[in-house]
Amino acid sequence: MSFLAGLNDAQRKAVDHHQGPLLVVAGAGSGKTRALTHRIAHLIGAHGADPAQILAVTFTNKAAREMKDRLELLLAQRLAESQYGQPWSTLPPVDQRQLRGRIFREVTKELWIGTFHSLFARLLRFDIDKFRDAEGLSWTRQFSIYDEADAQSLVKEIVTQELQLDPKRFEPKKVRWAISNAKNQGWLPDQLAAQVDGQRGKLTVETYRRYRKALAANNALDFDDLLLLPVQLLQQNEQIRRYWHNRFRHVLVDEYQDTNRTQYELIKLLVTDGREPEIFDDWQGRSVFVVGDADQSIYSFRAADFTILMGFQDDFGDKASDDATRTMVKLEENYRSTSTILEAANALIANNTERIDKVLRATRGEGELITLTRCDDEIAEAEAVVHRMRMLEAAHPELRWGDVAVLYRTNAQSRAIEESLVRWRIPYIVVGGLRFYDRREIKDVLAYLRLLVNPADTVSLLRVINVPKRGIGKTTLQRLADAANQLGIPLWDVVSDAEAVRSLGGRSAKGLLQFCELINDLQRSIQDQIPSEMIQQVMEKSGYISELIAEATDEAEERRRNLQELVNAALQYQEENEEGNLEGFLASAALASDADSKDTAADRVTLMTLHSSKGLEFPLVFLVGMEQGLFPSYRSLDDPSSLEEERRLCYVGMTRAKERLFLSHASERRLWGGMRQPAVPSLFLAELPEGLVQGDLPQIGGVALRRERRLDRLTRVDRDDNQRIKAGGVSGAPSNAVRRRQAGPAPGKAWVVGDRVVHSSFGEGEITHTFGSGEKVSIAVKFVGMGPKILDPRLAPIEPLE
DNA sequence: TTATGTACGCTTTTT
DNA sequence: GCGTACATAA
């Protein structure tokens, strides 16, 4: 059996290519996943590539898992034929399992398949300790990965505490966004500084600088760092770059239209060893293979840039014309959708100006017309959708609920649909929204684990130090944190110093000491425990579980079940990763998306956002909320290129459908709370060819125009408002946010920084800091041959030295 | 130090 | 209409 069998010409070309660069322009449903898996199998099976030399980037962890699965099956099937000389399907299950096991050990285990984030997090686990930032920042291999909430709170702390700015005028969320955007463009603070101007820009750069420093102090990285740090590392360290360049001889990237500048840099560094792609010519036994479709680029809000895809031929390619080129292949035959659905989608996307012209040819029959339904409000819409499902189910006994998907623009829209599905007892699953790993109890337990692995992780420490309650309050923590800041050491180093705790801890000292003992105890067992057992121990020894039991509410019960689920997740992780350790499990938890954990194979209706639907397909697709301001989003209405992105999103949604597509919109929609808003049909509806749509045909007339003007006015007001805020600027800290913090010389027996003291057991030392004032003073003393000690001068056996 | 009240802002999309 | 974050009381 050849891996080229059953492929069309273009697919065969993509699979058979094994040296040099290749861009595959793959329209929706044109079999690109098939091309990708067959290519990897072919590289290994026919061209003798070592699985360990292959790096394949997918868009989700789930896609990575599926690709590994398909690859395993493909190779096992082939092995069956060569080994037993008989087709796979006739082998007894026990032999099938044995063959798959062998493929797993010899091939799939060795492959690096995953998202950009998970792959480069893995690379950093090897080499991050060899990296030193230009500003002297460094990390160890035990680094924590911060999620958006952690990152957000760190930025907020810098803005309000360090820079003393009013978070209303200088919004942490916006600053965080600006920083993330900079990182995704590959800009460090200095480079960002060159891009911005004014007071506001300066403050953003300053926040960025401090934020990086804070992350390093916590030995932590945010999502964007998982891409940016490897870029810096590979640029800086030739030896390491050479190693990975020699190791990954075949690089494959799926969904290339949604890569950003930093990801692009990474690919270049690995493939060309840092040389310019135009002049790189050492392709012997090496390839770079990217697959994408500019019409499906829907992530520009996180700095994805589809011009990178469009520029591939100029960087790596032969720059020849489309019919003469040997570095590009187009997959233009669609095997998924009926020609009706396809034609409508093609007509819609033709309204975009920013695209390479590409025709998606139908290979299937006409099928049914697209159905458009107008409803009174979102509740009626949900009822209409569910009613339609039930009618279809009655008419088609072969229909399974798993064949049906409901797609929407925003997560909040799932609610109305869910209520109707519940009413009619139709099983469903919501993908997205609240991630499993974002639940409070899960984050708490994971924070314990992160702290065990990485004691410098102060964000995690603060999360769990008083959970469950140990009587450690805000003031105590503030005191400890101030001490840590002034000494420039992690908070844990203060907390774990019994002497310091007795001095600074006040009434909370007992709780603090207990907490330290807990962490030390857990840390001792960390060496020889597998992740699932560590989790179990953390939950029990911390008293987390007993507190939930004591609470005895339904909610607490639910939390306990979730924690049990976390243990199961760890068990599963261990099964999939034989050498997996706690660090690895924490990374997978941090990078897992909601879609990854959801079992879409179950026979249930799937509800999800259009973004989450990328790469999937369903026989029946309902696209709801087709209204101006909702889809396309109101934020895109006055910006042509955002509007084009919304249109691509619509194109992605429509092309998910194999057999039938149902569109709907409401005349009135409750936004949030009570306010009912009149709504007009989406502009996209009017762009669909009339002959392909049945039902309540769109009325884009006076009503729509009036509404659009109204929206325009609204957005203008909004803009003016922003300008006013911008014009106001942020000139220094506002009076109400000013908080003075004065250490001040202590009265009475004055302990002054610089004075020398003698301690009965530590010997001579020098006072480096004083904390507090009045009665309650603590001092930090640097003794010879040890770190700073925090002491209560009234209790500690010290004498001033003249 | 913890428990309770209340204002606010949130809804674009995600690794 | 819901959860969070901050303010105020016990």
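What you see is a predicted model; the values in this text were computed from it and never measured. Residue numbering restarts at 1 for every chain, and letters A, B, ... go by the order of the sequence lines.
- The distance from atom CD of E419(A) to atom C1' of dG1(C) is 12 Å, rounded to the nearest whole Å.
- Whole-Å rounding puts the E157(A) CD to dA5(C) C1' distance at 15 Å.
- Computed from coordinates, the K62(A) NZ to dT14(B) P distance equals 14 Å when rounded to whole Å.
- In this structure a side-chain-to-backbone donor-acceptor pair under 3.5 Å is present from E378(A) to R670(A).
- Using a 4.0 Å heavy-atom distance criterion, D147(A) is classed as making no nucleic acid contact.
- To the nearest angstrom, C1' of dG3(C) lies 11 Å from CZ of R440(A).
- Between the P atom of dC10(B) and the CD atom of E148(A) lies a distance of 15 Å, rounded to the nearest Å.
- Here the nucleotide nearest the side chain of F223(A), chosen from dT15(B), dT14(B), dT2(B), is dT15(B).
- In terms of phosphate contacts, S633(A) brings no side-chain nitrogen or oxygen within less than 4.0 Å of OP1 or OP2 of dT11(B).
- Here the nucleotide nearest the side chain of T410(A), chosen from dT13(B), dA3(B), dC6(C), is dT13(B).
- In the set dT1(B), dT13(B), dT15(B), dT1(B) carries the atom at the smallest distance from any side-chain atom of T475(A).
- Mapping G473(A) and E645(A) onto DNA chain B by nearest heavy atom places G473(A) closer to the 5' end of the strand.
- Geometric assessment of K443(A) against the ring of Y437(A) yields a negative cation-pi assignment under the 6.0 Å and 45° thresholds.
- Between S682(A) and Q628(A) the shortest side-chain heavy-atom distance falls below 4.5 Å.
- In this structure, T476(A) reaches the sugar-phosphate backbone alone: every heavy-atom distance under 4.0 Å involves primed, P, OP1 or OP2 atoms, never a base.
- Rounded to an integer number of Å, the gap from CZ of R470(A) to C1' of dT2(B) is 16 Å.
- Here the two rings, on H611(A) and F301(A), have centers that are under 6.0 Å apart.
- At the heavy-atom level, S508(A) lies under 4.0 Å from the strands shown only through sugar-phosphate atoms.
- Checking dT13(B), dT1(B), dT2(B) against the side-chain heavy atoms of N466(A) singles out dT2(B) as nearest.
- Rounded to whole angstrom, the span from the CG atom of N260(A) across to the P atom of dT13(B) amounts to 20 Å.
- For K469(A), whose side chain is taken as the heavy atoms from C-beta onward, the closest listed nucleotide among dT13(B), dA5(C), dA3(B) is dA3(B).
- For dT14(B), one of the phosphate oxygens OP1 or OP2 lies less than 4.0 angstrom from a side-chain nitrogen or oxygen of S612(A).
- Residue D438(A) contributes atom CG, which lies 11 Å from atom P of dT4(C) at whole-angstrom precision.
- Checking the phosphate oxygens (OP1, OP2) of dT11(B), a side-chain nitrogen or oxygen of K173(A) falls inside 4.0 Å.
- Side-chain proximity of A412(A) to the nucleotides dT13(B), dT11(B), dT15(B) is greatest for dT11(B).
- Other residues, nucleotides and ligands place no more than 12 heavy atoms under 6.0 Å from the CZ atom of R440(A).
- Residue-level contact check: Y299(A) touches the backbone only, with heavy atoms under 4.0 Å from sugar-phosphate atoms and none from bases.
- When the side-chain nitrogen and oxygen atoms of K156(A) are compared with OP1 and OP2 of dC6(C), one or more of them lie within a distance under 4.0 Å.
- A donor-acceptor contact shorter than 3.5 Å is absent between the side chain of N218(A) and the backbone of A220(A).
- Along DNA chain B, the nucleotide nearest to H117(A) and the one nearest to L477(A) differ in position, and the one closer to the 5' end is contacted by L477(A).
- Note on N411(A): a side-chain N or O is less than 4.0 Å away from OP1 or OP2 of dT13(B).
- Between N184(A) and dT15(B), a side-chain N or O to OP1/OP2 separation shorter than 4.0 Å is absent.
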